[in-house]
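Notes follow the structure.
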Number of protein chains: 2
Amino acid sequence: MGSQVTLAQVAQRAGVSLATASRVVNGSERMVGARFRERVLAAAAELGYTANAFAQAVARGRSDVVGLVVPDIQDPYFSVIAAAAMEVVEPSGEMMLGTTLRRQEQELRYVTTMRARRARALIMVGSRTTDNAHTRRLAEAIAEFTASGGRVVAVGQDKLGADTVLPQNRASAKDLALALVERGHKTFGVLAGPDSLLTARDRVEGFTDGLSERGKRPNVTVHSDFTRDGGYQAMSELLDRRSKPGCVFAVNDVMAIGAMAAVRERGLTVPDDVAVAGFDDIPTLRDVAPSLTTVRLPLADMGRMAASMAMADQPGEQRRVIRVKGEAILRDSTKL
Amino acid sequence: MGSQVTLAQVAQRAGVSLATASRVVNGSERMVGARFRERVLAAAAELGYTANAFAQAVARGRSDVVGLVVPDIQDPYFSVIAAAAMEVVEPSGEMMLGTTLRRQEQELRYVTTMRARRARALIMVGSRTTDNAHTRRLAEAIAEFTASGGRVVAVGQDKLGADTVLPQNRASAKDLALALVERGHKTFGVLAGPDSLLTARDRVEGFTDGLSERGKRPNVTVHSDFTRDGGYQAMSELLDRRSKPGCVFAVNDVMAIGAMAAVRERGLTVPDDVAVAGFDDIPTLRDVAPSLTTVRLPLADMGRMAASMAMADQPGEQRRVIRVKGEAILRDSTKL
DNA sequence: TTGTAGGCGTTATCAA
DNA sequence: TTGATAACGCCTACAA
């Protein structure tokens with residue numbers, strides 16, 4: 001840093017004590033005379049003073065930084081949640097962003113970083129994994145964070161011992177399956193995403209549950225990344241097989257979008273040659289054609305809820321888990 | 001905040017001085033005996049110590065926070081740049097995110113906030129406007145930030161007196177126009193975005209320049225927001241007119257995507273009924289059909305360049321302005 | 001209402 | 001190598 005104007009300089013210039021200067025620049029309001037107040041304000045303006053937020057945080061023993069950790073800010077799912085969370089954090093705090101690039105170590109690293117930053121709260125969005133050792137370490141780190149007075153909110157599975165916004169992946173995927181069978185689909189494929197991601201697993205299981213309730217089961221399941229390219233690749237692989245299923249469920253929308261690209265690329269058509277369904281209802285869907293059948297999750301609400309819990313002043317007597325249900329929306333991509 | 005373990009506690013437990021503890025936990029390495037080092041490390045681990053980054057920043061007189069200010073993190077243009085910037089900031093610093101929701105006051109507010117945070121650098125991405133008063137105020141705030149030792153990098157127009165990553169909007173839009181005429185398009189419309197946004201203006205002007213070099217000019221120009229919905233609305237308006245142009249240029253891709261939706265909605269087809277071109281080449285384009293003609297900007301590179309300049313240690317003798325040229329890419333949406 | 005002084009958690013200087 | 005001790009910039013009883 002360079003030469004910063006300090007409060008002491010402002011005080012000196014205004015001819016008042018440090019304490020008085022502090023009070024007007026920030027203090028508990030109206031306990032300082034109008035004359036002095038003005039002098040201080042003038043001095044601050046002339047000098048171009050800006051309070052040092054670090055020093056304030058040290059002196060006060062707290063900060064108004066909220067940490068947000070997401071796997072990938074380019075993925076619409078996360079950017080919607082982030083934007084919504086931002087909305088509620090912004091008026092009274094600053095947001096520190098961390099992206100893990102979908103790597104677990106990063107997740108852990110950010111918890112530590114945010115703790116070092118004495119962030120007042122931490123919002124961790126993204127799926128938990130089957131790596132129990134990692135989940136345990138993460139939960140421990142989070143417990144320490146909480147113990148030191150911070151608030152933590154998870155968006156995803158309830159595995160961290162923190163307040164959680166919990167999408168009902170399983171139940172909603174099941175609803176989707178039922179609706180699809182209802183619509184007359186007979187054979188199914190699943191683009192299952194990574195086997196290690198709980199979100200992906202839950203959705204696959206829910207979907208399978210729904211099918212089996214109607215005496216069916218997926219004819220084919222392909223695993224891949226939880227991304228657009230993952231969907232593309234998985235669908236390509238699936239289409240190379242002998243018999244294509246009539247309807248393919250991708251465990252999230254970006255994968256479904258990639259899958260549709262794969263279909264198009266082979267000169268096939270959705271839904272005539274193969275129907276496609278996704279999950280999340282990201283805003284991007286407005287512009288995919290044919291319109292994509294999916295499960296609508298109130299993404300923005302989820303972001304706002306998470307942020308609200310994070311910003312809550314209450315020490316939070318009890319851990320809160322907010323279940324969020326999704327709604328199956330049938331659109332053209334699964335028309336028969 | 002709650003009860004945090006302090007370095008003093010660690011020192012006491014390890015039976016060493018504060019200074020020694022500080023040295024091992026962070027210090028300039030290997031100036032402390034192995035015995036003591038181990039004792040301190042052990043104590044720190046047992047107590048679950050994490051350094052207080054605020055206190056460190058105060059004591060050191062500098063921080064490693066980099067502020068990133070974007071209009072809207074949901075817009076692919078910005079999220080790509082943000083993600084790329086993140087990539088280079090991450091290894092050695094933390095990123096504080098600000099979204100202005102496309103409001104100027106917010107922009108100004110963030111500069112102040114970042115200054116309060118004693119951010120080591122500030123990256124401001126987004127278009128400048130025709131509001132000269134605001135631009136001047138912003139430039140002043142930025143000058144103060146710089147004067148106090150911070151680094152500022154703008155991505156957009158070179159109006160802030162800061163290091164700048166400057167896309168060649170005008171020249172590239174002109175190239176696009178020439179290419180379109182070359183391809184045989186005769187009549188043109190322009191979805192011009194907001195009249196107050198310099199980026200939008202430059203692109204409109206460049207496009208118009210290109211046309212006039214071929215003895216043509218836009219038959220119709222419609223202004224709207226710089227967003228998907230803005231594009232949708234503007235195109236709707238345009239299609240309501242008597243005679244549609246054969247080719248419509250939207251000043252950015254998200255607008256073009258909205259415009260294509262408007263076309264589709266009226267039962268018309270791109271490019272048969274009306275050709276559409278955009279600008280930016282956001283990743284999302286991979287999945288729009290028909291594929292969209294646009295100007296490719298190296299978005300990720302721009303983000304990385306901005307971050308690199310921001311992270312540079314050098315006091316930066318000279319202000320740097322990096323010009324980035326775009327490349328016109330003709331795709332199906334303007335096929336004749 | 002105003003000022004004095006001690007403290008917040010670290011780093012850094014200077015002896016030892 | 002180690003340890004006192006003075007900063008760092010600000011807040012906040014407590015006293016005046």
Side-chain angles (χ1 to χ4, degrees), chain A residues 1-41 43-44 47-65 115-120 148-149, chain B residues 1-41 43-44 47-65 115-120 148-149:
Chain A
M1 308 295 312
S3 60
Q4 295 276 1
V5 179
T6 73
L7 190 55
Q9 296 174 42
V10 174
Q12 178 171 23
R13 175 162 192 133
V16 302
S17 75
L18 221 191
T20 299
S22 171
R23 286 194 264 262
V24 6
V25 166
N26 166 323
S28 336
E29 299 289 329
R30 51 188 81 180
M31 0 178 26
V32 52
R35 307 187 61 85
F36 279 9
R37 153 170 255 96
E38 253 178 72
R39 294 231 306 258
V40 173
L41 256 20
L47 263 35
Y49 170 77
T50 312
N52 183 325
F54 291 139
Q56 292 187 138
V58 173
R60 296 185 198 167
R62 64 197 162 69
S63 85
D64 48 4
V65 171
R115 184 152 171 243
R117 289 262 164 240
R118 299 303 190 262
R120 81 185 254 181
S148 66
Chain B
M1 309 293 310
S3 60
Q4 295 274 4
V5 178
T6 73
L7 191 56
Q9 296 174 42
V10 174
Q12 179 171 21
R13 175 159 190 137
V16 302
S17 75
L18 222 193
T20 299
S22 172
R23 286 195 264 263
V24 6
V25 166
N26 166 322
S28 336
E29 300 288 330
R30 54 188 80 181
M31 3 176 28
V32 52
R35 307 187 61 86
F36 280 8
R37 154 170 254 96
E38 253 180 70
R39 294 229 307 256
V40 173
L41 256 21
L47 263 34
Y49 170 78
T50 313
N52 183 326
F54 291 140
Q56 291 187 139
V58 172
R60 294 203 251 245
R62 63 194 163 71
S63 85
D64 48 3
V65 171
R115 183 150 173 245
R117 289 263 164 239
R118 297 304 189 264
R120 78 185 255 181
S148 67

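So you know, we letter chains A, B, ... as the sequences are listed, proteins then strands, and number each from 1.
- One can place CG of A:Asn52 at 17 Å from P of C:dG9, the figure rounded to the nearest angstrom.
- In this structure, CZ of B:Arg60 is placed 17 Å from P of C:dG9, rounded to the nearest angstrom.
- Spacing between atom CZ of A:Phe54 and atom P of C:dT11 amounts to 14 Å, rounded to whole angstrom units.
- In terms of the side chain to side chain contact (heavy atoms under 4.5 Å, CB included) criterion, residue partners of A:Gln9 (sequence neighbours excluded) are, by chain and number, A:Val5, A:Thr6, A:Leu47.
- Looking at A:Arg23, its side chain comes within 3.5 Å of the base of C:dG3 through a donor and an acceptor atom.
- Of all the heavy atoms in A:Arg13 and A:Ala43, the pair that sits closest is CG-CB, 3.8 Å.
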I'd like a table of donor-acceptor pairs (distance under 3.5 Å, sequence neighbours excluded) in which one partner is a side-chain atom from residues 50-59 of chain B, with atom names and distances.
unit_1  : atom_1 : unit_2   : atom_2 : d
B:Thr50 : OG1    : A:Arg115 : NH1    : 2.7
B:Asn52 : OD1    : B:Phe54  : N      : 2.8
B:Asn52 : OD1    : B:Ala55  : N      : 3.1

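- Applying the 4.0 Å criterion to OP1 and OP2 of D:dC10, one finds that A:Gln56 has every side-chain N and O outside that range.
- Atom CZ in B:Arg39 sits about 14 Å away from atom C1' in D:dT1, given to the nearest Å.
- Counting atom types as modelled, B:Arg118 pairs no side-chain N or O with a base atom of D:dG9 as donor and acceptor under 3.5 Å.
- In this structure, A:Gln12 places its CD atom 17 Å from C1' of D:dC10, rounding to the nearest Å.
- Candidate nucleotides D:dG9, C:dT11, D:dG3 were compared by shortest atom distance to the side chain of B:Phe36, and D:dG3 ranks first.
- At D:dA4, none of the side-chain N or O atoms of B:Ser17 fall inside 4.0 Å of OP1 or OP2 (strictly under the cut-off).
- If you take CG of B:Leu18 and C1' of C:dG7, they are 14 Å apart, rounded to a whole angstrom.
- With C:dT11, D:dC10, C:dT2 as the candidates, the nucleotide lying closest to the side chain of A:Val32 is C:dT2.
- If you measure from atom CD of B:Gln9 to atom P of C:dG9, you get 8 Å, rounded to the nearest angstrom.
- Within the 4.0 angstrom heavy-atom criterion, only backbone atoms of the sugar-phosphate kind lie near B:Ala51; the bases stay farther away.
- Closest contact between the side chain of B:Ala19 and the listed nucleotides C:dA12, D:dC11, C:dT10 involves C:dA12.
- Across the interface with DNA chain D, nearest-nucleotide mapping of A:Val58 and B:Val16 shows B:Val16 to be the residue nearer the 5′ end.
- One atom, CZ of B:Arg37, and another, P of D:dT2, lie 10 Å apart when rounded to the nearest Å.
- Residues A:Tyr49 and A:Leu7 come closest through the heavy atom pair CE1-N, 3.4 Å.
- The nearest pair of heavy atoms linking A:Val24 to A:Arg37 is CG2-O, 4.1 Å.
- Distances shorter than 4.0 Å separate some side-chain N or O of B:Ser22 from OP1 or OP2 on C:dT11.
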